[in-house]
Amino acid sequence: MSRIKTRRERTENKFGNFEKIKQIVIDEKELQNLSYNTIINYNKVFTSLNDYFKDTDPIAITELQAKDYIRYLNLNCNYKLATLTNLVHIES
């Protein structure tokens, strides 16, 4: 008699297109020995990014779209701009 598989297969990607980038950033921040609460805040930012950009490829986000996202956060989410400065790097 074979063993019955009891765990569910994960098919849903919680953070959508931002999962790989989120993991890279979180790993880097953990190596910098940042606090647990800071890491949680980075997770919240990636959740917000995924909600705002939905099915947009993160690599294809333009400078204008990134600025619109920051404006959206400032107006609607009470995020501090300083928190986003470390995450959103817009090259001119």
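Position 1 is the first residue of the sequence, and the numbers go up from there.
- The CD1 atom of I26 sits 5.0 Å away from the CD1 atom of I39 when rounded to the nearest 0.5 Å.
- For D27, the CG atom is densely surrounded, since the number of other residues' heavy atoms within 6.0 Å is greater than 12.
- Annotation: side chain to side chain contact (heavy atoms under 4.5 Å, CB included) contacts of L64 (sequence neighbours excluded): T62, D68.
- Side-chain contact between V45 and N41 is absent, with no heavy-atom pair separated by less than 4.5 Å.
- The side chain to side chain contact (heavy atoms under 4.5 Å, CB included) search around I21 returns V25, F46, P58, not counting sequence neighbours.
- For the side chain to side chain contact (heavy atoms under 4.5 Å, CB included) with T47, the lone residue among N50, L49, D51 that qualifies is D51.
- A distance of 10.0 Å separates NZ in K20 from CD1 in I59, rounded to the nearest 0.5 Å.
- When atom types are taken as modelled, the side chain of T38 and the backbone of L34 share no donor-acceptor pair closer than 3.5 angstrom.
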I24 vs E28, side chain to side chain contact (heavy atoms under 4.5 Å, CB included): CA-CA, chis, key distance, verdict: CA-CA 6 Å; I24 292 168; E28 179 67 26; 5.6 Å; no

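- The CD1 atom of I70 lies 12.5 Å from the CD atom of Q65; values are rounded to the nearest 0.5 Å.
- One finds the CD atom of Q23 at 15.0 Å from the CZ atom of F18 (value rounded to the nearest 0.5 Å).
- A side-chain N or O of Y69 and one of S48 form a donor-acceptor pair less than 3.5 Å apart.
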